[in-house]
Amino acid sequence: MFSKDATWMRTARIAVPLGIAALALAGCAGGSGDGSGDSASSSKVAAVIKGLDNPFFQAMESGINETAETDGVDVTVQAAADIGDTTGQADKLTTLAGQDFGCFVVNPISGTNLVQALSQVATAGKTIVNIDSPIDADAAKTANLDIATYIGTDNEAAGGKAGDFVLEQVEAGSEVAVIGGIAGDVTSGARVDGFKAAVGSDLDIIQESAADWKREVALTTATDIIAANPNVKAFFAANDDMGLGIVKAVENAGLTGQITVVSVDGNKDALESVEAGGLSATVAQYPFAIGQLGVQACEVAAAGGTLPAEIESPTALVTEAEAADAIAAFPQPFAPFENPLEDELAK
């Protein structure tokens with residue numbers, strides 16, 4: 001089981017922002033079904049996350065592994081080959097599902113690609129902790145999946161922070177462009193929707209495109225947009241990798257400092273770009289904390305505790321003024337926040 005000393009060490013490290021409303025303690029801890037005997041009650045944790053080719057998920061893996069080491073938790077982490085490896089990610093989970101793990105932390109590439117593999121986990125009565133990207137609710141219901149808790153960012157709010165920032169940087173009526181991730185992706189859609197709601201009719205969104213979350217695709221897309229729309233004043237990108245591609249397109253066009261570029265994630269290379277005057281800002285998520293909370297949710301479940309149905313991970317706008325602090329703290333959050341699992345972890 002888990003170390004009590006480690007429990008006291010970890011409670012001071014993680015949190016949610018003070019403005020978040022109280023979370024309903026509606027989620028069940030899971031892991032108490034009639035499944036596979038010792039396997040269902042095992043304290044071992046399996047984590048299946050997105051591709052480590054993206055620094056966001058590298059930070060998430062660090063949060064998982066560092067928490068496991070500090071808290072004395074036996075964790076195995078498997079990652080998809082890349083952001084589009086839906087089948088490979090599902091295959092990794094299927095392999096782990098038949099092994100002696102009591103809790104599964106899953107970060108699906110799509111809302112449905114892990115559902116079939118998770119049905120085996122659910123049948124065995126093991127705990128499912130969903131982080132970062134939500135499992136499709138209808139698919140989960142059809143497969144009889146009991147998700148113990150969801151831990152992730154309010155993506156609409158993150159997009160909204162980016163929109164508010166752009167409104168402060170450009171004149172009313174300015175032309176702006178939006179570059180999302182994979183077409184139809186829930187996370188990308190929420191960020192884009194939040195941005196568009198924030199800017200409303202105050203700005204003219206002249207183009208909305210998808211760049212598959214990839215820097216090189218965003219570079220090409222932004223290059224074409226700038227060539228076709230010489231008056232474009234700002235870009236919003238649904239992740240940092242695409243944001244940095246846009247920054248390169250702006251630089252190639254000789255317009256650095258004249259076009260505002262804001263993205264979402266808060267990866268280290270994006271923070272460094274903000275400090276250097278490339279990206280205008282990034283809305284930093286806390287992937288390290290998301291990974292950390294995922295492991296801690298499994299600890300609570302293994303101890304028979306109660307989990308909130310949802311845990312919101314905070315975001316923070318990082319401009320040039322905050323960039324140095326954010327870089328110094330990375331991958332840890334640069335602003336303090338309270339741990340919503342603290343009471344359960346301290347038991």
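Please read all numbers here as calculations on a predicted model, not as lab measurements.
The aromatic rings of Phe236 and Phe195 lie parallel to each other, their planes meeting at an angle below 30°, with 60° marking the opposite boundary.
Here the straight-line distance linking atom OG of Ser62 with atom CZ of Phe330 works out to 8.0 Å at 0.5 Å rounding. Taking CG of Leu52 as the reference point, atom CG of Asp82 lies at 11.0 Å (rounded to 0.5 Å). For the atom pair CD1 of Ile109 and CD1 of Ile182, the computed distance is 8.0 Å after rounding to the nearest 0.5 Å. Rounded to the nearest 0.5 Å, atoms CZ (Phe165) and CG (Leu317) are 6.0 Å apart. For the atom pair CE (Met242) and OG (Ser188), the distance works out to 6.0 Å, reported to the nearest 0.5 Å. With values rounded to the nearest 0.5 angstrom, Thr223 atom OG1 is found 6.0 Å from Asn252 atom CG.
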request  = Report the C-alpha separation of Phe104 and Val48 in whole Å, then their side-chain angles, then the decisive distance to 0.1 Å, and conclude whether the side-chain contact (heavy atoms from CB on, under 4.5 Å) test is met.
outcome  = CA-CA 8 Å; Phe104 287 76; Val48 178; 5.6 Å; no
task = Apply salt bridge (charged side-chain N to carboxylate O under 4.0 Å, His left out) to Glu171 and Lys233, showing your working.
result = CA-CA 9 Å; Glu171 295 181 358; Lys233 297 300 181 186; over 6 Å; no
task = For side-chain contact (heavy atoms from CB on, under 4.5 Å), just list the numbers for Thr87 and Asn113, CA-CA rounded to whole Å, side-chain angles, deciding distance to a tenth of an Å, and then say yes or no.
result = CA-CA 7 Å; Thr87 301; Asn113 76 298; over 6 Å; no
request  = Determine, step by step, whether Ser209 and Gln207 satisfy the side-chain hydrogen bond (donor to acceptor under 3.5 Å, both in side chains) criterion, reporting the C-alpha distance in whole Å, the side-chain angles of both residues, the deciding distance to 0.1 Å, and the verdict.
outcome  = CA-CA 6 Å; Ser209 301; Gln207 187 167 330; 3.0 Å; yes
key: Intermediate values then yes/no, side-chain contact (heavy atoms from CB on, under 4.5 Å), Asn54 and Gln58   = CA-CA 7 Å; Asn54 187 310; Gln58 294 171 15; over 6 Å; no
key: Stepwise side-chain contact (heavy atoms from CB on, under 4.5 Å) test for Ile135 and Val115   = CA-CA 8 Å; Ile135 295 166; Val115 169; 3.9 Å; yes
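Across every non-hydrogen atom of Ala198 and Gly160, the tightest pair is CB-O, 3.5 Å. The nearest pair of heavy atoms linking Thr315 to Ala158 is CG2-CB, 4.2 Å. The minimum heavy-atom distance linking Cys298 with Val45 is given by the pair CB-CG2, 3.7 Å. Ile259 and Val232 make their closest contact through CG1-O, 3.7 Å (heavy atoms, listed as atom of the first residue, atom of the second, distance). The minimum heavy-atom distance between Ala117 and Ala90, with the atom names listed, is CB-O, 4.0 Å. Taking all atoms of both residues into account, the shortest heavy-atom contact from Ala237 to Gly243 is CB-N, 3.5 Å.
Between Arg191 and Asp265 there is a salt bridge, since a side-chain N of the basic residue sits under 4.0 Å from a carboxylate O of the acidic one.
Contact check for Gln296 versus Val300: no side-chain heavy atoms found under the 4.5 Å cut-off. Within the 4.5 Å cutoff, the side chain of Leu118 has no heavy atoms near those of the Gln116 side chain. Looking at heavy atoms from C-beta onward, Ser280 lies out of side-chain contact with Val247 at the 4.5 angstrom threshold. Counting heavy atoms from C-beta on, the side chains of Cys103 and Val129 come closer than 4.5 Å. Between Ile246 and Ile179 there is a side-chain heavy-atom pair separated by less than 4.5 Å. Side-chain contact between Val264 and Thr282 is absent, with no heavy-atom pair separated by less than 4.5 Å. Proximity of Val75 to Val77: side-chain heavy atoms (C-beta onward) are separated by under 4.5 Å at one or more points. Using a 4.5 Å cut-off on side-chain heavy atoms (C-beta onward), Leu341 and Leu307 make contact.
There is a path of hydrophobic side-chain contacts, each under 4.5 Å, that joins Val295 to Ile49. In the hydrophobic cluster analysis, where Ile, Leu, Val, Met, Phe, Trp and Tyr join through side-chain heavy atoms closer than 4.5 angstrom, Leu219 is grouped apart from Val250. Note: the hydrophobic cluster containing Ile225 does not contain Val176 (ILVMFWY, side chain heavy atoms under 4.5 Å, direct or indirect links). Under a hydrophobic clustering in which Ile, Leu, Val, Met, Phe, Trp and Tyr are joined whenever their side-chain heavy atoms come within less than 4.5 Å, directly or via other members, Ile311 and Ile290 fall into the same cluster. Cluster membership for Tyr150 and Ile131, using ILVMFWY side-chain heavy atoms within less than 4.5 angstrom, is not shared.
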Side-chain donor-acceptor pairs under 3.5 Å in residues 267-278, sequence neighbours left out?
residue : atom : partner : partner atom : Å
Asn267  : OD1  : Phe56   : N            : 3.2
Asp269  : OD2  : Arg215  : NH2          : 2.9
Ser273  : OG   : Leu279  : N            : 2.9

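Around NZ of Lys214, the count of heavy atoms belonging to other residues, nucleotides or ligands within 6.0 Å does not exceed 12. Residue Glu69 places its CD atom among 12 or fewer non-hydrogen atoms of other residues, nucleotides or ligands, all under 6.0 Å distant.
Of the options Val105, Val106, Thr149, a side-chain contact (heavy atoms from CB on, under 4.5 Å) to Ile128 is made by Val106 and by none of the others.
For Asp204 (side chain) and Glu175 (main-chain N/O), no donor-acceptor pair under 3.5 Å exists by modelled atom type. Under the 3.5 Å distance criterion, the side-chain polar atoms of Asp185 are matched with a main-chain donor or acceptor of Thr187. Of the possible donor and acceptor atoms, one in the side chain of Glu322 sits under 3.5 Å from a partner among the backbone N and O of Thr319. Side chain of Asp136 to backbone of Asp138: a donor-acceptor contact under 3.5 angstrom is found. Using modelled atom types, no side-chain atom of Ser174 and backbone atom of Val170 make a donor-acceptor pair closer than 3.5 Å. The main-chain N or O of Ser133 is found under 3.5 Å from a side-chain atom of Asn130 such that the two form a donor-acceptor pair.
Under 3.5 Å, the side chains of Thr86 and Gln89 contain no donor-acceptor pair of N or O atoms. Residues Asp240 and Ser263 have side chains that bring a donor and an acceptor to within less than 3.5 angstrom of each other.
A cation-pi arrangement is absent between Lys50 and Phe57 under the rule of less than 6.0 angstrom and at most 45 degrees off the ring axis.
Judged as a side chain to side chain donor-acceptor pair (under 3.5 Å), and not counting sequence neighbours, the contacts of Thr153 are Gln285. For Glu251, the salt bridge (Lys or Arg N to Asp or Glu O under 4.0 Å) test picks out Lys248, with sequence neighbours left out.
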